[in-house]
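Quick notes on the structure that follows.
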Amino acid sequence: MPDRTTVGAGAGVAGLSRAQLHEIYGYLELTRRVEEVLTHLYRQNKVIGGLYRSLGQEATAVGSAYALRRRTDGTGDVIAPAIRNLGSLLVMGARPVDVMRQYMAKADSPTGGREQNVHFTDYDRGFIGLISHLGVMIEVMAGVALSFRLRGEDRVALAYCGDGMTSTGGFHEGFNFAAVQRLPLVVLIESNGYAYSTPTARQSAVGSFIEKAEGYGVHGERCDGNDVLAVYEMTRRAVDHARAGKGAVLLEVVTYRRKGHAEHDAQAYVPPGELAHWEALDPLDRFRRRLLDEGWATDAELDAISTRIAGEVEAAREAAERSPMPEPEAALEPVIAGARTARPWVRLPTPDPHLA
Amino acid sequence: MPDRTTVGAGAGVAGLSRAQLHEIYGYLELTRRVEEVLTHLYRQNKVIGGLYRSLGQEATAVGSAYALRRRTDGTGDVIAPAIRNLGSLLVMGARPVDVMRQYMAKADSPTGGREQNVHFTDYDRGFIGLISHLGVMIEVMAGVALSFRLRGEDRVALAYCGDGMTSTGGFHEGFNFAAVQRLPLVVLIESNGYAYSTPTARQSAVGSFIEKAEGYGVHGERCDGNDVLAVYEMTRRAVDHARAGKGAVLLEVVTYRRKGHAEHDAQAYVPPGELAHWEALDPLDRFRRRLLDEGWATDAELDAISTRIAGEVEAAREAAERSPMPEPEAALEPVIAGARTARPWVRLPTPDPHLA
Amino acid sequence: MATVAEQEHVNPPRERPEHVRNTELGKPVTFLEAIREALWEEMERDPDVFLMGEDIGIYGGAFKMTDGFLDYFGEDRVIDTPISEAGFTGAAAGAAHMGLRPVVEMQFMDFVSCAYEPLTNYIATSRWRGSGPVPMVVRGPVGGGVRGGPFHSQNPEMAFFHTPGLKIVYPSTAYDAKGLLKAAIRDDDPVLFFEHKRLYRAPALREVLPPEDFVVPLGEARIHREGTDLTIVTYGMMVHEALKAAERLAGDDGIQAEVLDLRTLLPLDEDAIVSSVKKTNRLLVVHEDTRTGGLAGEIAMRVNEKAFEWLDAPILRVTAIDTPVPYSPPLEDYYLPQVDDIVTAGKYLAGY
Amino acid sequence: MATVAEQEHVNPPRERPEHVRNTELGKPVTFLEAIREALWEEMERDPDVFLMGEDIGIYGGAFKMTDGFLDYFGEDRVIDTPISEAGFTGAAAGAAHMGLRPVVEMQFMDFVSCAYEPLTNYIATSRWRGSGPVPMVVRGPVGGGVRGGPFHSQNPEMAFFHTPGLKIVYPSTAYDAKGLLKAAIRDDDPVLFFEHKRLYRAPALREVLPPEDFVVPLGEARIHREGTDLTIVTYGMMVHEALKAAERLAGDDGIQAEVLDLRTLLPLDEDAIVSSVKKTNRLLVVHEDTRTGGLAGEIAMRVNEKAFEWLDAPILRVTAIDTPVPYSPPLEDYYLPQVDDIVTAGKYLAGY
Ligand SMILES: Cc1ncc(C[n+]2csc(CCOP(=O)(O)OP(=O)(O)O)c2C)c(N)n1
Ligand SMILES: Cc1ncc(C[n+]2csc(CCOP(=O)(O)OP(=O)(O)O)c2C)c(N)n1
Ligand SMILES: [Mg+2]
Ligand SMILES: [Mg+2]
């Protein structure tokens, strides 16, 4: 993997103000912090299902989402995260407490406990919750981009895609549709070394995913995914391209999944030295160093951000822990408008099959 | 479309003997002749379903299949035709009478009247009948190629693929699997201008499908599909590559579908002049001219071939017409081994629901 | 930002082409024309409605359903897609999320199997997952008897009947087809809309339709023929076979069969089935689809739950045999349920 | 040309790793271990058997089913695939055509929906189309109760039950799992093999299995508990819930319920169902799957056709509610059929 890393563009301050750079730093911190707290909750058996970490990939999520037009009234750009894009959601405006409630299956989670982790939607803030089935979100986001074109809105759709997800028919059909229709869709491939335990070389024979761009007749670009400003700048160019009506774009970032597929995965398949190599390329450390080296921030400023965020996350945890679990009958949440889900007759006080 | 035609390699006699060149000519003639007879039968309402012509594309089908190791004992190369690859089937050894019986839904057709047209299989001769659903045959043929590798057999699988079929998830998943596993699979894309009424530019934004090869990390090549020797040579190289264990290959031929999608299609969507342009590039005429120009055949020889083939096809037609339609109860043909398909109780002499 | 609605007003309204003006002119329409009118009128009525599918634009669709639509409504609202049923079905969901109302055509419904994953996992669950409604219609030709062979003749309703969150509509008359399709397009949930190819141009189905806008509500069965001796529950093409059988039963033996056309399969109009069975005490289910796992099963279960005491005879079914749809006419005729079969079963049940 | 068989003989047989030697050593095995042994033994027995799936090689599968297989059998027979369920399922069919016997793993059976098209159209019809048999197995974990949420908890049997040409197996004990999987691998037709996650490591299911090679024939239900008052037809995880309910019914009220485990859903063992119903005259179907369109329907239809006169009460069912599988424990517990529900329904029926 290491040999595939290109060093990021890092071209100056990328048109970002000092405050914006600090904000980006804050989102990186926030992402990592939320996941650390989730890890604690997981170990306490308070996370109900699996826990998926993005450790080492936060720059990808945060840098790319930060390049979008972010609104809270449903008029901005729209993303579909993949499982490791907690950072993108947070940048778009998702609240840490909601993420925690999702993981903890609480009644007041955005999905009422019906769905889990980052599988939740906020059209106002511009994110659409994925389902587990890999690939379908690329199709869905092609349609979101289509709606922008049909309505003459200059909005952009950004779909995140793992290296593994590129192998699905959904990726191909969805992206080809967007390419041929020249839709404002950016697909960002996060080449993070693995799909579960499967190394990228067993997923595709292609040297770099960006070589697929030509095969779809679209613009493609690639950068170091652990350099948050490089990711920001590249995504910014792609989003501008798409917004200008020049069609779909395929992006690739090279990064690395430093934890297992989910918390249960002991990563026994990882060759020795690989983790250490990538730890040294930690995106938070790198960005912090850069901010300090370039004089864009002081230690004190960054520490203050970290402290503030630690407090916010702690407050979110407390709130999430206090949240109730759903009432059983909330399972009757209807699947179609206006209809009620039939209750099992055997759970009525006096069972009567005429109510079956 | 015309602008996308590259003039074929046409590099000499391609290692083919005079007799082989005549044989190729014969297969081209045979393909066209069988389809002409089918067209008559269709107009007489003797073809039960639709009729799919390959007029103008015969060189692609014949030239590519001729490059394979053809056997009759199940040890040769294996193809999966698409709907316009009658010529490939004939080269592999399919009998014209069987093709006609398929179209006419006769009891003694290779599928007993259950399936139609070129949807039939002969493992001994090395062809696997497609189903209508586009894309799945690429997946299936990846598996055929896998079996060759697992068994250490130096056989090759060749799957035909329309420009339209490239848009399917099946194409992507099947070909990617073959690419990453370095299987002896050659996929030949017949870029014939249309998928039904949809021009290629609405199917994909790619300039030429061969640009997809790099995106799968495989070798790719492209040639003039109306030059039978160019197709032969290109396929030959691809097949040698695959047989040598160097992995999957993506080929593209540029050709043109001169009839509608099926006989009912009046081609109203075809721009003026396009048909005439391609008529002038007729692969049979071109090959005949070439054979004569190069002194590889005489008019008399070629006429004799044509006459012989006309006779053979006529005999096939007579035999196919004489074939009986299936008996109704042949519909009970079982779907799983050893089981019988339940007969509708209402068709038994004395209906008894206990036999339902 | 200009909405589609605003853009529309830029173009002055043009004259409808002749072939979608039959009802307007008081002329009878075929089943196919009724569907075409529904599509046309909904597109005129609501600028958020748009079409996607293979060859639906310049070609007007494999069955010419959308003939003339591209010219009138333009490329943005009549979109020729690549061959990618999963892709454009998934894309329809995305567009529907954003407030549009896509109607996608499967060239043949047999190919909806390629979109099985987005339909059953993403689309059907969206509302329940809190990702909002997915107002979209997937429509296309279904059914056998047209010598289409195993991949152009399928009745794929049972692939979806088991999925909470989907609706399935399968009309049998021109009136219902028009009214149900309009209702489906206006519905806030995803609807699969099945159009039997043998009904498309059947002369006997030509009908003069009301000139005014009308819908037929989803989820309501319809009694096509009243009867007292036997209930035949059916849908689609088989409604017409059942009606023929009912005439013969009445003529030959004085058996009065009630023919109930489900029209919407999901949600199932259980009340209509149950009340007819309570009247006739005998139930025959007829479907063109194969036997094992066909819709008859769910109906049998519902009647057991709600009207067992009223049953004077076993619930029986007349269906296709359990194989793919064969191509050759003698085979396909054997495969498909025939009027004779319904008559035989009807007599059997009436005499039970 | 070297066949796989010949190649194998080149490698001297090595010692089986410890974790597949339980039965050999007379030790009890879990449901999961029984399946693992079946896979291992079939791969040893028949060099044409090979495995494909996501993360089944070095990782040994998401549930560690194929742990150690890669080392022993090598990369050619234990193939880690790209994420492409349709792709490798279709590829399995191609390999099966050529005489191999692929066993593919769905990481979760929920993802078999991605392979719906090749399974129902290509694979199921192959023999009938004259393209020869497709001896292959698609296996993987199914079922809820593990807090997996809507996409890691599904019971997708009804997506395939309607397709002539497929077989569906859903075992409930370690013995059956081993014997049925062996039978499935040796079967000449495509088999879907469902493994309930809650059974995988359930301590109560540990069993000492016969050391010799055995199969459990496909298509045969099994009576787990004899009874005279009521038949409970079920399968998979619900067999164990039904058995618990039967004990309670016997203890509380002296109601003797017969518990029939279908084991194979397709082909359905109609004879076993019918003869049990003829004995008990009452039928309750229990399935973990959702209600509408679930397997109960077909069973109701078959019993109507074959044993209506024997029914003293309506056929009833206890099933999941008609929604996706919810993630949160209180919701999922409400969603799933519970022992209490079976007891309630059993009492109701017995007293009918
Ligand atoms: C269609 C489908 N098949 C299998 C899975 C199981 N699965 C979940 S995540 C995953 C690996 C994804 O890898 P990648 O796309 O590279 O994303 P990453 O986890 O590396 O971020 C797999 C195989 C799935 N969710 N969907
Ligand atoms: C999955 C699927 N969708 C739609 C169709 C209907 N259909 C049959 S052939 C065809 C066009 C195929 O075009 P192409 O692949 O270019 O092959 P050509 O006909 O040009 O040889 C279409 C859309 C189908 N058979 N399968
Ligand atoms: Mg990855
Ligand atoms: Mg084409």
Side-chain angles (χ1 to χ4, degrees), chain B residues 74-75 78 80 109-112 114-115 119-123 128-133 135-155 157 168-170 172-181 183 333-339 341 345 353-356, chain D residues 1-7 47-48 50 52 76-77 79 81-100 102 114-115 117-118 121-133 163-167 187-190 219 267 301-302 304-308:
Chain B
T75 63
V78 175
S109 83
T111 62
R114 295 189 295 285
E115 252 282 27
H119 293 200
F120 68 102
T121 295
D122 185 333
Y123 290 113
I128 302 185
L130 66 155
I131 67 166
S132 299
H133 292 66
V136 67
M137 295 314 295
I138 309 294
E139 301 164 357
V140 171
M141 292 303 278
V144 168
L146 178 66
S147 80
F148 298 157
R149 199 194 62 202
L150 297 194
R151 289 194 153 147
E153 298 172 347
D154 68 340
R155 301 164 70 185
T168 63
H172 178 65
E173 295 199 0
F175 194 63
N176 183 55
F177 181 72
V180 78
Q181 286 282 334
L183 301 179
E333 173 77 18
V335 289
I336 54 176
T341 300
W345 62 272
H354 293 232
L355 297 165
Chain D
M1 253 162 268
T3 65
V4 172
E6 285 159 1
Q7 286 170 25
D48 287 332
F50 73 102
M52 288 198 281
D76 267 1
R77 296 183 68 197
I79 300 177
T81 63
I83 302 175
S84 45
E85 286 77 5
F88 64 75
T89 302
H97 281 326
M98 306 314 285
L100 297 179
C114 301
E117 188 273 308
N121 283 293
Y122 187 87
I123 293 169
T125 63
S126 175
R127 176 186 294 279
W128 178 92
R129 288 185 289 108
S131 287
T163 305
L166 298 178
K167 296 183 179 179
D187 199 90
D188 278 342
D189 285 297
M301 202 59 236
R302 300 280 180 109
N304 264 272
E305 289 168 337
K306 299 286 173 68
F308 176 74

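Letters go in sequence order (proteins before strands), and every chain restarts at 1. In this text the structure is predicted, and so the values were computed from the model without any measurement.
Proximity to chain D (any heavy atom under 4.5 Å) is restricted, for B:E115, to the side chain, taken from C-beta onward. Proximity to chain B (any heavy atom under 4.5 Å) is shown, for D:M301, by neither the backbone nor the side chain. With a threshold of 4.5 angstrom between heavy atoms, D:F50 approaches chain B through side-chain atoms but not through N, CA, C or O. The contact between B:I128 and chain D is made entirely by side chain atoms (from C-beta outward), counting heavy-atom distances below 4.5 Å. For chain B, no part of D:I123 is nearby; none of its heavy atoms comes within less than 4.5 Å. Neither the backbone nor the side chain of D:P133 comes within contact range of chain B, judged by heavy atoms closer than 4.5 Å.
Shown are B:E139, B:H133, B:M137; of these, the side chain to side chain contact (heavy atoms under 4.5 Å, CB included) with D:Y122 is made only by B:M137.
With respect to chain B, the highest number of heavy-atom pairs below 4.5 Å among D:G99, D:S126, D:G132, D:P190 belongs to D:G99. Counting heavy-atom pairs closer than 4.5 Å to chain D, the top-ranked of the candidates B:E173, B:M141, B:Q181 is B:E173. No other option in D:G165, D:A96, D:P267 has as many heavy-atom pairs under 4.5 Å with chain B as D:G165. Ranked by non-hydrogen atom pairs under 4.5 Å with chain D, the options B:A337, B:G174, B:A142 are led by B:A337. Among B:N176, B:V144, B:I138, B:T341, the residue making the largest number of heavy-atom pairs under 4.5 Å with chain D is B:V144. Chain D forms the most heavy-atom pairs under 4.5 Å with one residue out of B:T111, B:V136, B:I131, B:V140, and that residue is B:V140.
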For residues 81-94 of chain D, which side-chain N or O atoms pair as donor and acceptor with protein atoms under 3.5 Å away, sequence neighbours left out?
from	atom 1	to	atom 2	distance (Å)
D:T81	OG1	D:G53	O	3.3
D:S84	OG	D:P82	O	3.1
D:T89	OG1	D:E85	O	2.6

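Heavy-atom minimum distance, B:L146 versus D:I79: CD1-CD1, 3.8 Å. Here the closest non-hydrogen pair linking B:R149 and D:D76 is NH2-OD1, 3.2 Å. Contact between B:E333 and D:W128 at its shortest, heavy atoms only, is O-CD1, 3.6 Å. For the pair B:S147 and D:A95, the tightest heavy-atom approach, listed with the atom from each and the gap, is CB-CA, 4.2 Å.
Checked by atom type and distance alone, the side chain of B:R151 pairs as donor or acceptor with a backbone atom of D:M98 at under 3.5 Å. Side chain of D:R129 to backbone of B:F120: no donor-acceptor contact under 3.5 angstrom is found.
In this view, B:F148 satisfies the ring-ring contact (aromatic ring centres under 6.0 Å, His included) rule with no residue, not counting sequence neighbours.
Using a 4.5 Å cut-off on side-chain heavy atoms (C-beta onward), D:R127 and B:V335 make no contact.
Side-chain polar atoms of D:H97 and B:Y123 form a donor-acceptor pair below 3.5 angstrom.
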